[in-house]
Student: 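The structure's right below; bear with me while I get my questions together.
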Amino acid sequence: MIERSQSQEFSLRGKVILVTGATGLIGREVCDAYAAYGADLAVTDIDAVAVAGLGTRLHDAHGTRVLGVAADVTRTDSVASLFETLAREYGRLDVLVNLAAIDAKFDAAAAQVNPTRFENFPLELWEESVAVNATGLVRVTQAAARVMLAQRAGNIINVASTYSLVAPNQGLYRFPGAIDQTYKPVDYVATKSMVPNFTRYLATLYGREGIRSNCIVPHGISNGHPEDFRTNFARLSPLGRMCDVRELRGPFVLLAADSSSYMTGSTLMIDGGWTAW
């Protein structure tokens, strides 16, 4: 039986955690939680200035060691360089958090009529999302798996979406007075749909080699959404509201900590009950 003191249950001290997509809304909050629980961090995203700024803020706030490295998950050479730096500076990797992703609600395709509707969706945007959300995910995870196999230990946390489990309720994007209906585009839904089963694939492949793999499913993170959207969301959500990003801290810390040592292949829902009906 594994014995730990109460103070150690969620401690991350001594762990090296790599977070991709670290400068995004969820990434910043998760990195802050990990730093607060004592982890040594490697934070990466495509914007070097933003990565450096995040690293400085985390170190100043928590005194933990933070390595900030810009990397592009769509490029093999960039990911290789990231892992070379990680090996040189830390010599190990305990936890990988795959957060890097394109969410199509931010993509610029507004010049077309209903560009978000499936039959009109630009294939170049589909290909960009596949390159980041699917191929980029695999590329980074392969590099991490090689390190973890050599260590005979590791922990992979993937980030899915409710839209990897259920179809979007397009009524969420129907607003009073709007001339055209807008839609949740297909690229995000399709690419995120691979994440839970990819997680299970890793869990069953590597479980006896000391590597765990789980995924988190967040949904409806409040981020300055228009009132019409918030009203629609509250009507469709069992909890009747959107998620405060701070509510993701506990679940991400749980999966990174040794407290979840018997969890692998799991999909942890943080969706306010959205997928419960």
Side-chain angles (χ1 to χ4, degrees), residues 20-21 24-27 29-30 73 97-109 114-138 141 156-175 181-202 213-226 228-245 247-248 251-252 255 265-277:
T20 71
L25 176 67
I26 296 176
E29 194 70 35
V30 168
V73 301
V97 181
N98 280 311
L99 262 167
I102 292 175
D103 186 344
K105 67 176 177 289
F106 298 115
D107 290 340
N114 275 336
T116 55
R117 190 172 162 95
F118 174 71
E119 66 270 23
N120 299 323
F121 191 73
L123 287 181
E124 59 268 24
L125 295 184
W126 165 271
E127 290 167 352
E128 288 177 11
S129 290
V130 170
V132 175
N133 300 1
T135 310
L137 170 68
V138 170
T141 306
I156 298 166
I157 302 171
N158 295 319
V159 181
S161 164
T162 53
Y163 297 151
S164 65
L165 302 172
V166 297
N169 184 333
Q170 300 293 2
L172 178 61
Y173 309 99
R174 185 178 298 117
F175 308 116
Q181 158 87 51
T182 56
Y183 300 87
K184 185 68 180 181
V186 66
D187 61 334
Y188 184 77
V189 176
T191 54
K192 281 297 185 180
S193 291
M194 71 165 279
V195 176
N197 216 33
F198 177 60
T199 300
R200 289 186 283 268
Y201 176 87
L202 297 172
S213 178
N214 296 286
C215 77
I216 284 183
V217 177
H219 184 61
I221 312 302
S222 182
N223 188 26
H225 293 83
D228 286 343
F229 182 91
R230 298 176 71 87
T231 298
N232 283 353
F233 193 97
R235 177 173 53 84
L236 295 168
S237 167
L239 286 187
R241 63 175 177 85
M242 299 188 74
C243 177
D244 186 313
V245 69
E247 293 176 294
L248 299 180
F252 273 93
L255 288 188
S266 298
T267 299
L268 189 59
M269 311 299 297
I270 318 296
D271 68 348
W274 188 273
T275 57
W277 61 13

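We use all heavy atoms of the structure for the numbers below, so side chains are in, but hydrogens, waters and symmetry mates are not.
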Student: Any non-hydrogen side-chain atom of Phe121 less than 4.5 Å from a side-chain atom of Trp126?
Tutor: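 Contact flag for Phe121/Trp126 side chains = yes.
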
Student: For Phe229, what residues pass the side chain to side chain contact (heavy atoms under 4.5 Å, CB included) criterion, not counting sequence neighbours?
Tutor: Leu172, Tyr173, Phe175, His225, Pro226, Phe233, Met242

Student: Nearest 0.5 Å please: distance from the CD1 atom of Ile156 over to the CG atom of Leu255.
Tutor: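 Reported value, rounded in 0.5 Å steps: 12.5 Å.
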
Student: Please give me the minimum heavy-atom distance between Asn214 and Gly265, naming the atom from each residue.
Tutor: OD1-N, 3.3 Å

Student: What are the two closest heavy atoms between Ser161 and Val217, and how far apart are they?
Tutor: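 Smallest interatomic distance, heavy atoms only, reads C-CG1, 3.3 Å.
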
Student: So, do Leu125 and Pro185 sit near enough that their side-chain heavy atoms are less than 4.5 Å apart?
Tutor: no

Student: Of all heavy-atom pairs between Trp277 and Ser237, which one has the smallest distance, and what is that distance?
Tutor: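 Closest heavy-atom pair between Trp277 and Ser237: CZ2-C, 4.0 Å.
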
Student: Going by side-chain hydrogen bond (donor to acceptor under 3.5 Å, both in side chains), name the residues that satisfy it together with Asn169, two or more places apart in sequence or in a different chain.
Tutor: none

Student: Within the structure provided, determine whether Ile270 and Ile216 are in side-chain contact (heavy-atom separation under 4.5 Å).
Tutor: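 In short, these two side chains touch, coming nearer than 4.5 Å.
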
Student: Under a 4.5 Å cut-off applied to non-hydrogen side-chain atoms, are Ser164 and Val195 in contact?
Tutor: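 Answer no - side chains too far apart.
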
Student: Within the 4.5 Å heavy-atom criterion, are Leu202 and Phe198 side-chain neighbours or not?
Tutor: yes

Student: Can you tell if the side chain of Ile102 reaches within under 4.5 Å of the side chain of Asn133, non-hydrogen atoms only?
Tutor: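 Yes; the side chains approach each other to less than 4.5 Å.
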
Student: Mind checking the OH-CD spacing from Tyr183 to Gln170? Nearest 0.5 Å is all I need.
Tutor: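 Reported to 0.5 Å precision, the distance equals 7.5 Å.
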
Student: Going through the checks in order, is the side chain to side chain donor-acceptor pair (under 3.5 Å) test met by Ser222 and Arg241?
Tutor: CA-CA 9 Å; Ser222 182; Arg241 63 175 177 85; over 6 Å; no

Student: Roughly how far, to the nearest 0.5 Å, is CZ of Arg174 from OG1 of Thr182?
Tutor: 9.5 Å

Student: Can you see which heavy atom on Leu165 is nearest to which on Pro196, and at what distance?
Tutor: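 Heavy atoms only, the tightest pair is CD2-CG, 4.1 Å.
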
Student: Tell me, do Ile221 and Glu247 make a side-chain contact under 4.5 Å, heavy atoms counted?
Tutor: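 No, side chains not in contact.
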
Student: State, to 0.1 Å, how close Thr20 and Asn98 come at their nearest heavy-atom pair, and which atoms those are.
Tutor: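 Heavy-atom minimum between the residues: OG1-CA, 3.6 Å.
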
Student: How far does CD of Glu29 sit from CG of Leu248, to the nearest 0.5 angstrom?
Tutor: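 Glu29 atom CD to Leu248 atom CG measures 8.0 Å (nearest 0.5 Å).
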
Student: For Leu99 versus Gly27, what's the shortest heavy-atom pair and its separation?
Tutor: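 Smallest heavy-atom distance, with atoms named: CD1-CA, 3.6 Å.
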
Student: Suppose we screen for side-chain hydrogen bond (donor to acceptor under 3.5 Å, both in side chains). Which residues come up paired with Thr162, at least two apart in sequence or across chains?
Tutor: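 Thr162: side-chain hydrogen bond (donor to acceptor under 3.5 Å, both in side chains) contacts with His219.
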
Student: Taking the side chain as every heavy atom from C-beta outward, state whether Lys192 and Asn158 have any atom pair closer than 4.5 Å.
Tutor: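 Of all side-chain heavy-atom pairs linking Asn158 with Lys192, none is under 4.5 Å.
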
Student: In Å, rounded to the nearest 0.5 Å, how long is the span from CD of Glu127 to OG1 of Thr135?
Tutor: 11.0 Å

